[in-house]
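Step one of this worksheet: look at the structure below.
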Amino acid sequence: MLDIQSIREDFPILQNQVHGKPLIYFDNAATTQKPRSVVERIENGYYNVNANIHRGVHFLSQAATEAHEEARKIVQRFIHARSSNEIIFTRGTTEAINLVASSFTDECLCEGDEIIISEMEHHSNIVPWQIQAARKGVTIKVIPVTETGELCLESYRNLFSEKTRLVSVTHMSNVLGTVNPVRELIDMAHAHDVPVLLDGAQAVPHMQVDVQELDVEFYVFSAHKIYGPTGIGVLYGKEEWLDRLPPYQGGGEMIATVSFEKTTFNELPFKFEAGTPDYIGSTAFAEAIQYVERLGLDQIAAYEHELLTYATERISTFDGVRIFGQAPQKGAVLSFLIGDIHHYDMGMLLDRLGIAVRTGHHCAQPLMKELGIEGTVRASFSFYNTKEEIDHFIEGLDRVVKMF
């Protein structure tokens with residue numbers, strides 16, 4: 001069992017007040033709060049081992065290099081990658097998808113080829129493919145979503161053709177909370193010799209991920225959604241695929257030799273890491289992963305499911321409530337509307353009560369269009385949240401509803 005009160009002491013921001021009310025932070029799907037150990041790791045990096053990495057022979061550079069590469073190994077172990085060469089540090093999930101979209105398109109796509117995505121994708125897994133589709137004349141096919149917020153597997157099966165080159169889908173929806181049957185999706189794609197990219201930004205903070213067991217070609221996620229710093233994330237790629245793809249950016253670090261006649265590229269993983277990497281962020285990222293591992297992902301998943309179940313039961317008592325996302329396999333995300341109350345008004349009024357929720361389309365406008373709405377109110381939970389906070393949230397909703 002998790003000691004929630006002790007955990008909350010690790011997150012100083014949770015002791016803050018907003019508009020004179022204790023902060024209740026239910027916007028974890030957008031970004032998570034950071035434990036002291038992560039912030040201390042950042043401070044220690046800048047105060048004690050700050051030097052550019054890989055190229056220096058002096059003590060600080062060597063120490064910073066060792067810390068950065070150890071962080072890569074910690075990420076590798078966390079998602080059970082075969083080699084640390086398969087871990088590429090990026091600025092986050094969005095850049096990781098853009099990297100694959102650009103490099104994969106250059107190497108593997110021709111006019112008339114097809115990519116499969118889904119209706120529940122975040123814009124970061126739609127727009128990069130649209131950019132490449134316009135550039136190369138590629139067709140994008142879309143897996144529809146059922147009334148319960150699940151992918152229609154029969155429709156998915158029928159989307160494949162001899163021109164299908166890649167499937168790129170989310171592991172867990174940031175709006176619906178749906179945890180997709182990704183192993184089944186991957187197996188169906190592999191039956192057609194089609195590689196798969198999974199957007200794991202929402203999944204990684206809440207569940208065990210084993211990229212070798214999934215047999216997925218590419219997996220991407222961000223540090224800031226798993227209690228780490230902003231501005232850094234990961235692209236995992238099978239080594240044979242990363243070897244095959246051309247670099248995404250050029251510059252320092254990603255080269256082996258440079259002359260005015262020819263440049264040869266560095267080995268993995270450095271081929272995809274042009275310029276000075278975020279060696280401070282990588283070590284803080286590793287500390288966030290270790291913090292989560294100390295708590296235990298199985299315990300986190302069980303507790304967050306308990307919170308989601310409790311919140312769903314309590315909010316279901318409101319007349320006119322609509323909950324978006326009713327899949328049996330669901331993460332700790334609760335998107336809803338009540339009556340005709342606009343999601344923005346609901347969010348603003350809850351904020352006056354110290355309750356932070358997300359409102360709007362959640363960077364998923366195609367899904368909103370399919371649902372026939374402009375946006376939702378989204379409460380998303382973490383292991384540092386409590387049932388008492390949910391009770392205050394429900395009381396706040398009741399006050400708002402009565403105002404309308």
State which residues pass side-chain hydrogen bond (donor to acceptor under 3.5 Å, both in side chains) with Y303; sequence neighbours excluded, sorted by chain then number.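 Partners of Y303 under the side-chain hydrogen bond (donor to acceptor under 3.5 Å, both in side chains) test: none.
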With sequence neighbours excluded, what pairs up with E389 under the side-chain hydrogen bond (donor to acceptor under 3.5 Å, both in side chains) test?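 R8, N385.
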Do [X] and [Y] make a side-chain contact, defined as non-hydrogen atoms from C-beta onward lying under 4.5 Å apart?
{"X": "R378", "Y": "D27", "value": "yes"}
{"X": "Q329", "Y": "M172", "value": "no"}
{"X": "I373", "Y": "R322", "value": "yes"}
{"X": "N125", "Y": "T170", "value": "no"}
{"X": "V400", "Y": "I338", "value": "no"}
{"X": "I74", "Y": "Q290", "value": "yes"}
{"X": "R165", "Y": "C110", "value": "no"}
{"X": "L198", "Y": "L185", "value": "no"}

Considering all heavy atoms, the nearest [X]-[Y] contact:
{"X": "V138", "Y": "D113", "value": "CG1-O, 3.1 Å"}
{"X": "V196", "Y": "A189", "value": "CG2-CB, 3.5 Å"}
{"X": "I53", "Y": "P277", "value": "CD1-CG, 3.3 Å"}
{"X": "G200", "Y": "Y219", "value": "CA-OH, 3.3 Å"}
{"X": "A29", "Y": "S380", "value": "N-OG, 2.8 Å"}
{"X": "P246", "Y": "D106", "value": "CG-CB, 4.2 Å"}

Tell me, with the steps shown, if L23 and Q17 meet side-chain contact (heavy atoms from CB on, under 4.5 Å). CA-CA 5 Å; L23 170 64; Q17 291 198 338; over 6 Å; no
Pairs meeting criterion side chain to side chain donor-acceptor pair (under 3.5 Å) with involvement of residues 172-187, two or more places apart: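 Qualifying pairs, neighbours excluded: R183-D187.
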Salt-bridge test for [X] and [Y]: reply yes if a basic N is under 4.0 Å from a carboxylate O, no otherwise.
{"X": "D391", "Y": "R314", "result": "yes"}
{"X": "D215", "Y": "K238", "result": "yes"}
{"X": "K369", "Y": "E119", "result": "no"}

Ring pair (Phe, Tyr, Trp, His ring centres under 6.0 Å): which pairs involve [range], sequence neighbours left out?
{"range": "residues 6-26", "value": "F11-Y291, F11-Y384, F26-F381, F26-F393"}
{"range": "residues 352-380", "value": "H123-H361"}
{"range": "residues 305-336", "value": "none"}
{"range": "residues 87-106", "value": "H68-F89, F104-W241"}

Measure centre to centre between the rings of F78 and F285, then say whether the value is under 6.0 Å.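 No, too far apart.
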H171-F221 aromatic ring centre distance below 6.0 Å: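 No; F221 has its ring centre 6.0 Å or more from that of H171.
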Start with the C-alpha gap between V204 and K225, add the side-chain angles, then the distance that decides, and say whether side-chain contact (heavy atoms from CB on, under 4.5 Å) holds. CA-CA 8 Å; V204 162; K225 294 185 188 292; over 6 Å; no
Taking only residues two or more places apart in sequence or in another chain, which ones pass salt bridge (Lys or Arg N to Asp or Glu O under 4.0 Å) with [X]?
{"X": "E313", "result": "none"}
{"X": "E253", "result": "R55"}
{"X": "R72", "result": "E69, E273"}

[X] (side chain) donor-acceptor with [Y] (main chain) under 3.5 angstrom:
{"X": "N16", "Y": "V18", "answer": "no"}
{"X": "Y248", "Y": "S102", "answer": "no"}
{"X": "T32", "Y": "N28", "answer": "no"}
{"X": "E239", "Y": "E86", "answer": "no"}
{"X": "T309", "Y": "E306", "answer": "no"}
{"X": "T139", "Y": "G112", "answer": "no"}
{"X": "T146", "Y": "C152", "answer": "no"}
{"X": "T230", "Y": "H224", "answer": "no"}
{"X": "K136", "Y": "A134", "answer": "no"}
{"X": "K21", "Y": "D351", "answer": "no"}

Quick one: do I323 and S316 satisfy side-chain contact (heavy atoms from CB on, under 4.5 Å)? Show the steps, please. CA-CA 8 Å; I323 297 174; S316 297; 3.8 Å; yes
To the nearest 0.5 angstrom, please state how far the [atom1] atom of [X] sits from the [atom2] atom of [Y].
{"X": "T90", "Y": "I97", "atom1": "OG1", "atom2": "CD1", "result": "9.5 Å"}
{"X": "F272", "Y": "E95", "atom1": "CZ", "atom2": "CD", "result": "12.0 Å"}
{"X": "L295", "Y": "Q299", "atom1": "CG", "atom2": "CD", "result": "8.5 Å"}
{"X": "N85", "Y": "I88", "atom1": "CG", "atom2": "CD1", "result": "8.0 Å"}
{"X": "Q202", "Y": "I226", "atom1": "CD", "atom2": "CD1", "result": "11.5 Å"}
{"X": "D398", "Y": "I315", "atom1": "CG", "atom2": "CD1", "result": "11.5 Å"}

Regarding S118 and E121, is there a side-chain donor-to-acceptor distance under 3.5 Å anywhere?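 Side chains of S118 and E121: pair found under 3.5 Å.
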For atom CD of Q15, is the number of surrounding heavy atoms from other residues, nucleotides or ligands below 6.0 Å larger than 12?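 Yes, CD of Q15 has more than 12 neighbouring heavy atoms, counting only those of other groups under 6.0 Å.
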Residue R352 excluded, over 12 heavy atoms near CZ under 6.0 Å: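 Counting other residues, nucleotides and ligands, CZ of R352 stays at 12 neighbours or fewer.
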Should S37 and R294 be marked as a side-chain contact (heavy atoms from CB on, under 4.5 Å) after you check the CA-CA gap, both sets of side-chain angles, and the distance that decides it? CA-CA 12 Å; S37 60; R294 288 193 292 269; 4.2 Å; yes
Excluding sequence neighbours, so at least two apart, what forms side chain to side chain contact (heavy atoms under 4.5 Å, CB included) with T94?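 Side chain to side chain contact (heavy atoms under 4.5 Å, CB included) list for T94, sorted by chain: N98, S124.
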Apply side chain to side chain donor-acceptor pair (under 3.5 Å) to the pair S382 and Y227, showing each step before the final yes or no. CA-CA 10 Å; S382 165; Y227 312 97; 2.7 Å; yes
Test of understanding: with ring pair (Phe, Tyr, Trp, His ring centres under 6.0 Å), list the residues that count as partners of H192, not counting sequence neighbours.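 With sequence neighbours excluded, H192 shows a ring pair (Phe, Tyr, Trp, His ring centres under 6.0 Å) to F160, given in chain and number order.
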